[in-house]
Amino acid sequence: MRRKLAAGNWKMNGTAAQLAELTAMTEVANTEQTDVLICTPATLVNRAADTASGSAVAIGGQDCHANASGAHTGDISAAMLADAGASHVITGHSERRVDHAETDAVIAAKSEAAYANDLIAVICIGESLQERESGQTLDVVGTQLQGSTPDAATGANTVIAYEPVWAIGTGKVPTLDQIAEVHDFIRAKLVERFGAEGEAIRVLYGGSVKPSNASEIFAVSNVDGALVGGASLKASDFNAIISALDEA
Ligand code: 13P
């Protein structure tokens, strides 16, 4: 049985005042069946880890460098995130693939750096609108999954997030059949490559998840939770998504 995971990605949002929302999330999250993760901006990881200490909410970063240390101005290593109190790190978010030209090979290297520092890598994949409309969705998702996921991936160190780029921040969500098609495909590819570990790796859906659509998305086969952007900034929204996952 895979444990469910409600993950929030705060992206480039939040200063110290935002920690009040995290506090309100720690009051609802419980560890019975659902894991809860908030990936804060790097500047908040340390304080967020303190705020969430002793609660069921884990804290993650949103990116890490592939190298352990060195002359990489502005970058943050996986060891630094772990030192600041993170247990997870997002790798390969589509915004980084686009804004920073990250390739699958770079994302695999970042994910390996995460493993080396006992961080769980939340590896993101997903097609653009043009790729979906030209019928390339499964090809693109399959290529990104293969190239971005290290050989050392296990159920304990890796989470895959399927985030169609066109659904991020747009209010557009794929049909439940479209979500099922991609999640079933990802599961089959993971099992083909990793065997029993491929069964254990959780696969999240991300892209315009809200309290109003969470329950129906969580009922789709091979959806083990969500990676939530905008609706993870407000505890009232994210707590409702956690509850929907608890009840799924
Ligand atoms: P939204 O939930 O705001 O669409 O963002 C999804 C996302 O990119 C999470 O990583």
Side-chain angles (χ1 to χ4, degrees), residues 4-14 18 21-22 25 35-42 44-45 48 57-64 81 86-100 102 107 110-111 114 119-129 131-132 137 140-141 144-145 148-149 158-176 178-179 182-183 186 202-218 220 223-245:
K4 302 172 200 172
L5 173 60
N9 174 9
W10 282 1
K11 308 191 180 184
M12 198 172 73
N13 296 291
Q18 176 68 15
E21 299 295 328
L22 178 62
M25 294 170 192
D35 293 335
V36 178
L37 166 68
I38 293 291
C39 295
T40 71
L44 283 181
V45 166
V57 181
I59 300 301
Q62 299 173 7
D63 175 56
C64 64
L81 286 175
S87 53
H88 294 64
V89 61
I90 296 171
T91 56
H93 192 282
S94 59
E95 287 150 16
R96 292 205 60 88
R97 289 179 184 264
V98 171
D99 293 355
H100 300 273
E102 291 190 7
I107 293 156
K110 291 180 173 205
S111 303
L119 295 179
I120 297 171
V122 180
I123 303 173
C124 301
I125 56 178
E127 82 285 1
S128 67
L129 184 60
E131 288 162 344
R132 171 150 298 263
T137 297
V140 168
V141 166
Q144 290 183 348
L145 181 69
S148 307
T149 310
T158 299
V159 173
I160 301 297
Y162 167 57
E163 299 204 306
V165 177
W166 52 275
I168 294 176
T170 59
K172 291 189 191 136
V173 178
T175 66
L176 300 180
Q178 287 173 325
I179 295 175
V182 178
H183 278 247
I186 291 170
R202 291 172 290 180
V203 183
L204 309 183
Y205 168 77
S208 296
V209 176
K210 305 271 183 287
S212 56
N213 61 19
S215 293
E216 61 182 23
I217 292 171
F218 294 151
V220 174
V223 173
D224 301 311
L227 181 56
V228 182
S232 73
L233 290 168
K234 285 251 166 292
S236 52
D237 287 339
F238 196 60
N239 286 348
I241 291 170
I242 296 171
S243 299
L245 191 56

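Numbering starts at 1 and runs along the sequence shown. In listed order, ligands and their atoms are each counted from 1.
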Classify the angle between the aromatic ring planes of Tyr205 and His183 as parallel (below 30°), tilted (30 to 60°) or perpendicular (above 60°).
tilted
Closest non-hydrogen protein atom to atom 3 (O) of ligand 1, residue and atom name please, with distance?
Gly230 N, 2.9 Å
Polar contact flag for Thr170 and ligand 1 (N/O pairs, less than 3.5 Å)
no
Checking heavy atoms under 4.0 Å, the part of Ile168 that sits near ligand 1 is both
Less than 4.0 Å is my threshold; does some heavy atom of Ser208 fall inside it relative to ligand 1?
yes
With a 4.0 Å cut-off on heavy atoms, is Lys11 touching ligand 1?
yes
What part of Ala167, side chain, backbone, both or neither, has a heavy atom within less than 4.0 angstrom of ligand 1?
backbone
Min N/O separation His93 to ligand 1 under 3.5 Å
yes
Using atom types as modelled and distance alone, determine if a side-chain donor or acceptor of Ser111 lies under 3.5 Å from a backbone N or O of Thr149.
no
May I ask you to identify the nearest protein heavy atom to atom 2 (O) of ligand 1, giving residue, atom name and distance to one decimal place in Å?
Gly229 N, 2.9 Å
To check your reading of the model: name the closest protein heavy atom to atom 9 (C) of ligand 1, its residue, and the distance in Å.
Glu163 OE2, 2.8 Å
Please tell me whether Gln62 and Trp10 have a donor and an acceptor in their side chains that are separated by less than 3.5 angstrom.
no
Under 3.5 Å: N/O of Gly169 near N/O of ligand 1
yes
